[in-house]
Amino acid sequence: MPRDVRILNTGSLLELSRRLRTAGGQRLRNNMTRRIRRAAEPMHRDLQSSIRDLEIRSQGRTSRGGPTMNTRPLRSTIANAIRISVKVTGSNPGATVWIDKGRLPPDMKNIPDLLNEGRLRHPVFGNRRRWVNQYASPPWWDTVLRQHRPRMEQEVARILDDVRRALD
């Protein structure tokens, strides 16, 4: 199930956000936010390309099958709903990458979770008496996160060290 990913080092970020608030360093805060966002952008792009390139296989068509009538682009709709959020002050500082389900059509809200699990079962063109399974190479979300997590943690630690030096 795709969950949001949060890159945070809670103790360091909380301590640093308190120091930023007391120092009143708006320029420093904006710089830190921009650098953390920039560090998360490769993961964001890879998540989007991963869902756009995801192979979804079906069971195969019967003789009654024909070309799809659905013109809605499933993969690009999900890719466009992937978001980045960065907070450097407050009670929960850090970077968050998530799927904004508010940007998905109502009937697609659970599809990213199902595709990450590897199996999407749905009615054929809304016909509730005929269902099909489609399979995806799981887990598209988790794989990208595992690849990027070490780099993100190192980058955020480096940014925190730079900001800590600037505050001292």
Side-chain angles (χ1 to χ4, degrees), residues 1-56 72-120 134-168:
M1 175 170 128
R3 294 168 297 281
D4 60 345
V5 59
R6 294 166 195 245
I7 302 297
L8 18 111
N9 180 354
T10 313
S12 297
L13 282 172
L14 281 173
E15 175 258 328
L16 203 56
S17 73
R18 283 189 200 107
R19 288 176 62 189
L20 272 173
R21 217 174 314 139
T22 57
Q26 183 65 37
R27 190 179 111 281
L28 193 57
R29 193 175 8 218
N30 290 344
N31 184 27
M32 183 175 162
T33 302
R34 180 179 41 79
R35 288 178 64 192
I36 291 175
R37 179 177 298 279
R38 196 175 291 158
E41 284 173 355
M43 180 177 4
H44 180 247
R45 280 193 304 272
D46 283 355
L47 283 168
Q48 287 180 325
S49 68
S50 173
I51 188 65
R52 282 190 178 111
D53 299 338
L54 184 68
E55 179 188 347
I56 301 175
R72 214 169 36 176
L74 170 70
R75 292 175 192 91
S76 65
T77 302
I78 294 171
N80 292 334
I82 298 174
R83 295 278 178 251
I84 301 175
S85 174
V86 177
K87 281 179 24 179
V88 293
T89 58
S91 62
N92 195 13
T96 306
V97 179
W98 85 101
I99 296 176
D100 185 0
K101 295 197 177 185
R103 297 184 61 99
L104 294 174
D107 59 335
M108 283 190 188
K109 291 198 186 299
N110 68 339
I111 290 180
D113 299 335
L114 296 172
L115 288 176
N116 194 51
E117 292 169 7
R119 179 176 161 228
L120 174 63
Q134 288 186 299
Y135 301 96
S137 313
W140 66 274
W141 179 268
D142 298 336
T143 302
V144 173
L145 295 186
R146 267 194 304 276
Q147 290 170 351
H148 282 274
R149 187 170 206 116
R151 183 195 58 80
M152 280 291 303
E153 287 173 348
Q154 289 173 352
E155 185 69 22
V156 168
R158 190 171 62 83
I159 293 167
L160 291 177
D161 289 342
D162 291 349
V163 171
R164 198 173 287 117
R165 274 195 302 271
L167 283 174
D168 291 336

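The analysis underlying the following values was restricted to heavy atoms, covering all of them including side chains, and did not include hydrogens, waters or symmetry mates.
Gln48 places a side-chain N or O within donor-acceptor distance of the main-chain N or O of Ala79, the cut-off being under 3.5 Å. Counting only distance, with no hydrogens or angles, the side chain of Thr143 and the backbone of Trp140 share no donor-acceptor pair below 3.5 Å. Panel note: side chain Arg83, backbone Thr96; no donor-acceptor pair is recorded below 3.5 Å. Distance alone, capped at 3.5 Å, is enough to place a donor-acceptor pair between the Asn116 side chain and the Trp141 backbone.
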Could you check Leu145 against Val97 for side chain to side chain contact (heavy atoms under 4.5 Å, CB included), going step by step and ending with a plain yes or no? CA-CA 10 Å; Leu145 295 186; Val97 179; 5.7 Å; no
Criterion side chain to side chain contact (heavy atoms under 4.5 Å, CB included) on Asp162 and Asn31, from CA distance to verdict: CA-CA 11 Å; Asp162 291 349; Asn31 184 27; over 6 Å; no
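In this structure, the side chains of Leu160 and Met32 come closer than 4.5 Å at one or more pairs of heavy atoms. Ile99 has its side chain within reach of Leu104: a pair of non-hydrogen atoms, C-beta onward, lies under 4.5 Å apart.
Judged by distance alone, the side chains of Gln154 and Arg151 never bring a donor and an acceptor atom under 3.5 Å apart. Between the side chains of Arg27 and Asn30, no donor-acceptor pair of N or O atoms lies under 3.5 Å.
Annotation: the span from Ile111 atom CD1 to Ile51 atom CD1 amounts to 9.5 Å, rounded to 0.5 Å. Note: Gln134 CD to Leu114 CG = 11.5 Å, rounded to the nearest 0.5 Å. With rounding to the nearest 0.5 Å, the separation of CZ in Arg45 from NE2 in His148 is 9.0 Å. Taken to the nearest 0.5 Å, the CH2 atom of Trp98 stands 9.0 Å off from the NE2 atom of His44. Interatomic distance, Ile78 CD1 to Leu115 CG, rounded to the nearest 0.5 Å: 5.0 Å. Atoms CD and CG, on Gln147 and Asp46 in that order, are 7.0 Å from each other to the nearest 0.5 Å.
Under the 4.0 Å criterion applied to side-chain N and carboxylate O atoms, Arg158 and Asp161 are not assigned as salt-bridge partners. The pair Arg37-Glu41 does not count as a salt bridge, with every side-chain nitrogen at least 4.0 angstrom from each carboxylate oxygen.
When all heavy atoms are compared, the tightest approach of Asn80 to Arg103 is O-NE, 3.6 Å. The two residues Gly102 and Lys109 make their nearest non-hydrogen contact at CA-NZ, 4.1 Å. Shown here for Met43 and Val144, the closest heavy-atom pair between the two residues is O-CG1, 4.1 Å. Between Met152 and Ala39, the shortest heavy-atom distance links the atoms SD-O, 2.9 Å.
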